[in-house]
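We count ligands from 1, going down the list as the structure has it; atoms in each ligand are counted the same way. Positions are given from 1, in the same order as the sequence printed here.
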Amino acid sequence: MNLTLGKISTLSAVIALAIGVTACSQSEADNTAASLDKQVDKTTQAKRFISDAEAQMAALSIEINRSEWIYSNFITQDTAALSASVAEKYTAASVDLATRAAQYADLPLSAEEKRKLNILRSSIVLPAPLDPAKNSELANISAQLNGLYGKGKYCFEDGRCLTQPELSAIMAESKNPEELLEVWQGWREIAKPMRPLFEREVELANEGAKDLGYANLSELWRSNYDMKPDEFSTELDRLWGQVKPLYNSLHCYVRGELNEQYGDEVAPASGAIPAHLLGNMWAQSWGNIYQQVAPQDADPGYDVTELLAKHNYDEIKMVEQAESFFTSLGFEALPDTFWERSLFVQPDDRDVVCHASAWDLDNLDDIRIKMCIQKTAEDFTVIHHELGHNFYQRAYKNQPFIFKNSANDGFHEAIGDTVALSITPNYLKQIGLLDEVPDASKDIGLLLKQALDKVAFMPFGLMIDQWRWKVFSGEITPEQYNQAWWELREKYQGVKAPIARSEADFDPGAKYHVPGNVPYTRYFLAHILQFQFHKSLCEIAGDNGPVHRCSIYGNKEAGSKLNTMLEMGQSQPWPEALAAVTGTKEMDAKAVLDYFAPLQTWLDEQNTTANRQCGW
Ligand code: X8Z
Ligand code: ZN
């Protein structure tokens, strides 16, 4: 079963959306009074099934949310066993309902009812086989994998043992290649024992997917986007194709700058970039090396991490500040229980899953985040990301249970990020963090910082599930797990392992979402969608300046428009939700390209001047 980030937790995590069911077309000959009666009966039955299923899953979701919350806040043998046993019950119920939902697919039901049946059918992220022993085995494996990640630490020779956020802080700050390499390699040790568990998890979940009528888990995961699974894959290729030239320019620039600093031995001028030099444990976003690659004459000259320290922001103040952005848009403040029940600081007396997540325990108001906050610019953004989930959850709380989710999973991931795009110099000045807004000549620096975070992320956001989908379909076999992983890392990101890796390693397991079984394409989609949302909300707010300088802070019209989309939850196909804010029904990376257009020109000039051979 899968607890997710962002709502997840509930059925919504487990359930997503589905492809339109074809309407029933009975032959004329069949159309006798008797068969009509039968159909009416069956239709009534289907309606009852939907409302019963909804009530059953709503009740079970609260139980599983609580057990998952407890497990990830106190990782022990006992909490693992209890959470696995609730997950087992939950998965059995979901699989049973998914199987029965399929039987009603062809009846003359309303669009809403058909949509609910589809969601019931296709949204189980980790489907168990019908065999109860296998369901139990799968639930235990999943809990173990989560626990291995949450408990993961690397111990230095001097005896210091650090958790993932602590190791990530070193990856973000250190410029010492030996130290970076040690931490990079050390963290990946935690994943080795995951390999056999993951392999078995894939086997069992694939069997579960087949029991539900899907070819494999890849097809099931790709069935949640209001289009055919293969059409969705094609759509992803199209979006990535739009962004790739911009990514290539950025990659070329960064590789060149790193080469100048570290030299050919550590950071070669051609080929893929060694993954330990990019300021992040997974080389997924590169904003932490901004200072190393910043343009000399166009650096805005402030650093949000330093501003937070200068103004004595602690973890709570960071969350309060993020909350106030949402309230400035017209959203109601977070409830007292959010502040009482969330986890903000890494406890020093027990193991917890530190990877940031947002929760909706009761599908109404008991929203929380769980995060080991570091007092950095990066985590300030992540807090906005998490609160985006919480405000979304609360906005759709009046939807029927099955629709309590985002339009597609990329939407859930995009909301907080959209808001964080409005953390501009102007905004920082408005909230008293920054004294002077840098003039337009510093825009390249601002854009470069943003591109290091956002554009660099895109191929990473795509490649994780390109790997997993091939694993699920059998195209990548267990003997090829690690090698195939690095082939895709190189293909999409132009990044390579800094030291030789082998099949004794299991590098995918060192990334939370793999042991956590959280689909990842959602983040790629979110990185496209957030620029579309930002652009449209800025237009609604009447900001006519460059979109990278626009902040929707305090703008109630933009807030109200956003809320219209959030309130819809998953009740309609995602193109309708997209249109509610942007007026278009298409995902389109043009908004990304427009946002970064001045940077792309600048990067290309830099690369040409330095006579760099781009590509890898
Ligand atoms: O996992 C997350 C969020 C929770 S949904 C912190 N993100 C991805 C990651 O950290 O890998 C946000 C961006 C990508
Ligand atoms: Zn998220």
Q) With a cut-off of 4.0 Å, which atoms of ligand 1 are near a heavy atom of Ala356? A) 4 (C), 6 (C)
Q: Sequence neighbours left out, what pairs pass salt bridge (Lys or Arg N to Asp or Glu O under 4.0 Å) with at least one residue falling in residues 313-328?
A: none
Q: Check whether the ring centres of Tyr523 and His527 lie less than 6.0 Å apart, and answer yes or no.
A: no
Q: Report yes or no: does a heavy atom of His389 sit under 4.0 Å from some atom of ligand 1?
A: yes
Q) Does the gap between the ring centers of Phe411 and Phe533 come in under 6.0 Å? A) yes
Q) What atoms of ligand 1 come within less than 4.0 Å of a heavy atom belonging to Gln284? A) 9 (C), 10 (O), 11 (O)
Q. Counting each atom of ligand 1 from 1 as listed, which ones have a heavy atom of Glu413 under 4.0 Å away?
A. 5 (S)
Q) Backbone, side chain, both or neither: what part of Phe457 comes under 4.0 angstrom of ligand 1, heavy atoms only? A) side chain
(Q) So, 2.8 Å as the limit: is an N/O/S atom of His412 located closer than that to the Zn ion (ligand 2)? (A) no
Q) Who are the side-chain hydrogen bond (donor to acceptor under 3.5 Å, both in side chains) partners of Ser218, not counting sequence neighbours? A) Arg222
Q | Residue Glu413 atom name (nearest to the Zn ion (ligand 2); N/O/S) | A | OE1
Q. Below 3.5 angstrom, do we get any N/O pair linking His527 and ligand 1?
A. no
Q. In terms of side-chain geometry, is the basic nitrogen of Lys375 or Asp379 positioned less than 4.0 Å from the acidic oxygen of its partner?
A. no
**Q.** Sub-6.0 Å ring centroid separation between Tyr396 and Phe403
**A.** no
Q: Check whether any side-chain heavy atom of Leu421 lies under 4.5 Å from a side-chain heavy atom of Gln530, and answer yes or no.
A: yes
Q: Find all atoms of ligand 1 within a distance of less than 4.0 Å from any non-hydrogen atom belonging to Glu386, and give their numbers and elements.
A: 3 (C), 4 (C), 6 (C)
Q) What do we get for Tyr520 next to ligand 1 when only non-hydrogen atoms under 4.0 Å count, side chain, backbone, both or neither? A) side chain
Q | Per-atom contacts, ligand 1 versus Lys511 - under 4.0 Å to a heavy atom | A | 9 (C), 10 (O), 11 (O)
Q) So, for Phe457 and Phe524, is the gap between ring centers shorter than 6.0 Å? A) no
